[in-house]
Amino acid sequence: MATLQEILAKKIPGWREEIAKVKKTAGAKVISEVTVTQAYGGMRGVKGMICDTSVVEPDKGLIVRGHPLLEIKHLWPEEVFFLLLTGDLPDDDAKAALLQDYNKRAQVPEYVWDVLQAMPPDSHPMCMLNTGILVMEKESVFRQWYDKGMTKAEYWVPALEDSLVLLARLPSLAAGVYRIRYNKGDLIPWTQGLDWGANYANMLGLADPTGSFAKLMRLYLNFHADHEGGNVSANTCHTVGSALSDPYYAVSAGLNGLAGPLHGLANQECLDWIIQTMDKFGGVPTEKQLSEFAFETLRSGKVIPGYGHAVLRVTDPRYAGFLEFGKEYLADNAVFQTVSRVYDVIPKVLQEFSEERVKAGKAPIANCWPNVDAGSGALLYHFGLTEFPYYTVLFSVSRAMGMLAQLVLNRAMGTAITRPKSVSTEWVKAQAL
Ligand code: CMX
């Protein structure tokens, strides 16, 4: 049975050749232009980097290595990581081999727990997760090989080893963060032979008599793994990794971005908003009540979390997939019913608010539809994971797969250090006015 390392070692030379050919024949072709608005506006829509693991089509959503997300929603997370890295769906042997790779590397060192136990008890779970990742940096094989001296062509090999160690340990680390931060008792160890998603579900320690929570975790970890290269977490990981900082530093940097409320933290904010509406109206609010509460939120200068997107212009298929799961497993749950009702109301509210904004000379809201963060919290809440500030940690465990797959491929392709050119406002005025 071929290992992931052997499979990649076979594929990488062909990919390098292909990219060299593309650069040689089409190197001078212009693929993007940048306006002044884009330069001030977070480079939205500027095509200035390559990511082969997935693409996000504005009208379709996430496509992973050519597969529309909802067509591969049955994949377990380890299969998704294999797909992201190699471009192929793994057969049973490859899936088993990757699980073995994780089993060998899953033990979180004791010093990590010592550090986490010593953190202030009100630390945010994202800060604890990231601290745990950073203290393990001393084990980076990439850094050891780099210090000894290695060729550029070899970079991907220790980068992959660090990635496998990190991915193998992340479920235990993240579950440990949950149990320490919320005083849930002893840590639950990794179970050899149990898959990555079910292991994580098990180590959190929530009751799961029917196995539905493990199912949700596999789906959750599948859906959040990757979202092309330009989002804050992936792009940050890419930039930091491009300086040849090792995967521990790079992933940690990416996750610090995921911890922002406009990015991954929106899932925490979103459920908080849903619960606020239920508290205010004493149960599942009516459409009218929701609409009024939404306008109140918007007029107080806040965003509606879970809605809008920098690239998408339709309902996020990840949201649609979660909604489908909810309808199957928790249709009677009041929080889920509120989430569904919010979906009936918010796009219209945002559209109306957007029109008001435009009349007032502001930018329109480009996308009034839900993103991934709009629905996931209700599902977690149903299964007893009620601590909102923990939600972005779950997102992180999953997103690490995409960031690491991209990082390994970038090291394999010898992607250059990131260094776009910034210009000053004086320069823009001189050019454009
Ligand atoms: N509620 C209120 N206003 C919103 C909005 C929302 N859900 N979505 C966009 N807008 C506003 C923006 O804040 C911006 O206002 P200003 O011009 O006053 O700054 C204006 O509409 C134009 O923004 P846009 O072009 O539509 O969207 P951006 O690409 O700039 O931002 C995003 C995208 C996701 C940050 C934004 O839609 C947002 O803040 N959504 C709520 C937070 C959220 O759900 N984030 C999670 C995204 C998914 C993820 O990364 O995990």
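Each ligand, and each atom within it, is numbered from 1 in the order the structure gives.
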- [ ] Indicate yes or no: does Arg143 engage Asp162 in a salt bridge with an N to O separation below 4.0 Å.
- [x] no
Task: Selection from Arg399, His263, Lys302 by shortest heavy-atom distance to atom 49 (C) of ligand 1 - done: His263
Open item on the list: In terms of relative ring orientation, are Tyr182 and Tyr178 parallel, tilted or perpendicular, with 30° and 60° separating the classes?
Closed with: tilted
- [ ] Can you pull out the closest protein heavy atom to atom 19 (O) of ligand 1? Residue, atom name and distance to 0.1 Å, please.
- [x] Arg357 NH2, 4.8 Å
TODO: Going by heavy-atom distance to atom 31 (O) of ligand 1, choose the closest among Arg44, Arg318, His224.
DONE: Arg44
TODO: Would you check if the side chain of Glu228 reaches a backbone N or O of Val56 as a donor-acceptor pair within less than 3.5 Å?
DONE: yes
TODO: Could you list which atoms of ligand 1 come closer than 4.0 Å to a heavy atom of Ala266?
DONE: 43 (C), 44 (O), 45 (N), 46 (C)
Open item on the list: Salt bridge check, Glu387 against Lys184: does any charged N sit closer than 4.0 Å to a carboxylate O?
Closed with: yes
TODO: Kindly determine whether Tyr343 and Thr315 satisfy side chain to side chain contact (heavy atoms under 4.5 Å, CB included), including the steps that lead there.
DONE: CA-CA 10 Å; Tyr343 183 36; Thr315 294; 2.8 Å; yes
Open item on the list: Measuring only between side-chain heavy atoms, which start at C-beta, is His263 closer than 4.5 Å to Arg399?
Closed with: yes
- [ ] Mark up the atoms of ligand 1 that fall under 4.0 Å of a heavy atom belonging to Asp373, in ascending order.
- [x] 46 (C), 48 (C), 49 (C), 51 (O)
Open item on the list: Within ligand 1, which atoms have a heavy atom of His309 less than 4.0 Å away?
Closed with: 33 (C), 34 (C), 37 (O)
TODO: Could you tell me which atoms of ligand 1, counted from 1 in the order shown, lie closer than 4.0 angstrom to a heavy atom of Leu298?
DONE: 1 (N), 2 (C)
TODO: Determine, considering heavy atoms only, which of Leu350, Ile365, Leu262, Thr297 sits nearest to atom 35 (C) of ligand 1.
DONE: Leu262
Task: Atoms of ligand 1 close to Gly306 [distance to a heavy atom under 4.0 angstrom, numbered from 1] - done: 43 (C), 44 (O)
Task: Heavy-atom nearest neighbour of atom 33 (C) of ligand 1 within options Ala310, Pro370, Cys270, Ser354 - done: Ala310
- [ ] Check whether NZ of the Lys or CZ of the Arg Arg65 lies under 6.0 Å from the centre of the six-membered ring of Trp15 and within 45 degrees of that ring's axis.
- [x] yes
